[in-house]
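Chain letters run A, B, ... following the sequence lines, proteins first, then strands; residues in each count from 1.
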There are 2 protein chains.
Amino acid sequence: MADINLTPLRRRAESAETPGTAAAEPLWDIIELLFFAYRDFVSDPDDALAKFGFGRAHHRVLHFINRNPGMKVADLLVILKITKQSLGRVLKQLVDLGYVVQKAGANDRRQRLLYVTPKGETLAMKLAGLQTDRIVRALAALGPDAHEAARRFLIAMLDDDGRDAVLRLIATAGHPRRSDS
Amino acid sequence: MADINLTPLRRRAESAETPGTAAAEPLWDIIELLFFAYRDFVSDPDDALAKFGFGRAHHRVLHFINRNPGMKVADLLVILKITKQSLGRVLKQLVDLGYVVQKAGANDRRQRLLYVTPKGETLAMKLAGLQTDRIVRALAALGPDAHEAARRFLIAMLDDDGRDAVLRLIATAGHPRRSDS
DNA sequence: GAAATATGTCAATATGGCTGACATAAATCT
DNA sequence: AGATTTATGTCAGCCATATTGACATATTTC
C-alpha cells in the first residue's frame with residue numbers, strides 16, 4: 001500500500017511535463033487533497049460558530065472586517081464576491097448581536113465603514129486561532145521551508161488576474177482603511 | 001509596500017515557534033490564501049457545470065464515482081459526509097441524465113454499485129482537466145519539488161484521525177471496488 | 001437642481017445541506 | 001421459516017446561503 005503512494009506520483013510528474021500533450025494526466029492527488037484539506041480546514045471554525053448560531057458566511061464577513069477595520073461595504077462585496085443582499089442578512093445579524101459596528105465615513109457620509117467591536121474581535125481571533133493551530137501543526141510536521149513553500153503554492157494557484165489584488169489585500173490588511181478611496 | 005510582504009512573514013514564523021506561547025500569532029497569509037486559492041480552484045468546474053445545469057454537488061458525486069467505479073452508495077456518503085437524502089437528489093439527476101448508472105451488487109444484491117457512463121466519464125475528465133490545468137500551471141511556476149511540497153502540506157493539513165482513510169482512498173482509487181467489503 | 005453613488009430593503013427563487021418518518025428488498029440470525 | 005438487520009430510496013418540511021430584480025434613501029458630484 002505505502003509504495004503505491006509514491007510510484008504513481010513520479011509517473012504523473014513526468015507525463016505532466018511531456019511536451020505536445022494537450023492535457024496532462026489528471027493530478028488526482030492534489031485535486032482530492034485540496035478538497036479534503038479545505039474541508040477539514042473550515043470544519044474547526046464551523047463547529048465553533050455553530051454554538052453561536054452563526055455559519056460560514058458570518059465567519060467570512062467577520063474575518064475580513066477584523067482584518068480590514070474601516071473597510072467599506074462595497075469593498076467587502078468585492079472581496080467576498082457576493083451580492084449586497086446576501087451580505088445584508090449576515091451583516092445585519094453581526095451588527096444586531098454586537099460583533100460589528102458601522103460608522104459613517106468622515107469624508108463621504110454615505111459610506112458605512114465597518115469595524116469589529118471588542119466582542120467581534122475576540123470571536124474573530126478565536127476562529128483565526130483554530131485555523132492557525134491547524135496550520136502550525138501541519139507546518140511543524142514538515143521542514144523549515146514549508147511555510148514559504150505553502151505560500152508560494154497557494155499564490156501560484158490563484159487566478160492570474162486576481163493575484164495582485166489578493167497579495168495587496170494580505171499585505172495591507174491590519175491597517176485601518178482610508179475612508180475615501 | 002512590497003517589503004511588507006516578507007518582513008512580517010519571518011516575524012510570524014519565529015513567534016509560531018516561540019515555546020511557551022499558548023497561541024501563535026495568526027498565520028493570516030495561509031488562512032487567506034487558502035480561502036482565495038480554493039475559491040479560484042473550484043471556480044473553473046463551477047463555470048463549466050453551470051452550462052449543464054449542474055452544481056458543485058454534482059461535481060463531487062461524479063468525481064468520486066469516476067475515481068472509484070463500483071463503489072457503494074454508503075461509501076460515497078462516508079466520503080462526502082452528507083446524508084443520503086442530500087445525495088439522493090443529486091444522484092438521481094446524474095442517473096436520469098445518463099452520467100451515472102447503478103448496478104445491483106453481485107454478492108449482495110441490495111447494494112447499488114455506482115459507475116460513470118462514457119458520457120459521465122467524459123464530463124468528469126473534463127472537469128478534472130480544468131483543475132489539473134490550474135495545478136500544472138501553478139507547479140510549473142515553482143521549483144521541481146513543488147508538487148511533493150504541496151502534497152506534503154495538504155496531507156499535513158488533514159485531520160489526524162482521517163488522514164489514513166484519505167491517503168488510502170487516493171492510493172486505491174481508479175481500481176474498481178470489490179462488491180462485498 | 002439633476003444625476004450619479006453608496007447603501008439598504010422587499011420579494012421571489014435556486015441550491016444544497018439537514019432531520020424525521022416510512023417503504024422495500026435482500027441478507028442474516030435464531 | 002420467521003424475525004431482524006442492512007442497504008437503499010423516498011416523502012415532507014426546514015434552514016442557510018446564494019441569486020436576480022425592483023425600489024428607497026441619503027449624500028455627493030456635476
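Spacing between atom CD of B:Q93 and atom P of C:dA14 amounts to 13 Å, rounded to whole angstrom units. Atom CG of B:L91 is separated from atom C1' of D:dG9 by 10 Å (rounded to the nearest Å). If you measure from atom CG of A:L77 to atom P of D:dA18, you get 11 Å, rounded to the nearest angstrom. Straight-line distance from the CG atom of A:L87 to the C1' atom of C:dT7: 10 Å, rounded to whole Å. Between the CG atom of A:D108 and the P atom of D:dC30 there is a distance of 12 Å, given to the nearest Å. In this structure, CG of A:L113 is placed 19 Å from P of D:dA26, rounded to the nearest angstrom. A:H58 places its NE2 atom 13 Å from the C1' atom of D:dA18, with the value rounded to the nearest Å. In this entry the distance linking CZ of B:R56 with C1' of D:dA16 reads 15 Å, nearest Å.
Between B:L94 and B:F54, some side-chain heavy-atom pair lies under the 4.5 Å cut-off. Side chains of B:K119 and B:T122 form no contact here, defined as non-hydrogen atoms less than 4.5 Å apart. Looking at A:F64 and B:E32, their side chains come closer than 4.5 Å, going by heavy atoms from C-beta outward.
For B:F35 and A:F41, the distance between ring centers is not under 6.0 angstrom.
Contact detail for B:Y38 and A:L34: the closest heavy-atom pair is CE1-O, 3.6 Å. Closest heavy-atom contact between A:V73 and A:Q102: CG2-NE2, 4.2 Å.
DNA chain D forms stems at C:1-30 with D:1-30, each a run of 3 or more consecutive Watson-Crick or G-U wobble pairs whose two key distances fall under 3.5 Å.
The side chain of A:R89 lies closest to D:dA18, out of D:dT8, D:dA18, C:dG16. You'll find that the side chain of B:R110 is closest to C:dA25, out of C:dA25, C:dT7, D:dG9. Taking only side-chain atoms of B:S86, from C-beta outward, the nucleotide of C:dT7, D:dA18, C:dC18 with the closest atom is C:dC18. The side chain of A:R109 sits closest to D:dT27 out of D:dT27, C:dG17, C:dG8. Nearest nucleotide to the B:Q85 side chain, out of D:dC11, C:dG8, C:dG16: D:dC11. Among D:dG9, C:dT7, D:dA18, the nucleotide with an atom closest to any side-chain atom of A:Q111 is C:dT7. The A:T83 side chain lies nearest to D:dT19 when the options are D:dT19, C:dC18, D:dT28.
One cannot find a donor-acceptor pair under 3.5 Å joining the base of C:dG16 and the side-chain atoms of B:R60.
Between the side chains of B:H59 and B:D46, no donor N or O sits under 3.5 Å from an acceptor N or O.
Within the nucleic acid shown, A:Q102 comes within 4.0 Å of sugar-phosphate atoms alone, with no base atom in reach, counting heavy atoms only. Among the atoms of the strands shown, only primed sugar atoms or phosphate atoms (P, OP1, OP2) are found under 4.0 Å from some heavy atom of B:G55.
The residue among B:K92 and A:R112 whose nearest nucleotide of DNA chain D lies closer to the 5′ end is B:K92. Each of A:I82 and A:G53 has a nearest nucleotide on DNA chain D; the 5'-most of these lies closest to A:G53.
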- [ ] In sequence, state the C-alpha distance, the side-chain angles, and the governing distance for A:D108 and A:K72, and then conclude on salt bridge (charged side-chain N to carboxylate O under 4.0 Å, His left out).
- [x] CA-CA 11 Å; A:D108 186 336; A:K72 293 187 298 177; over 6 Å; no
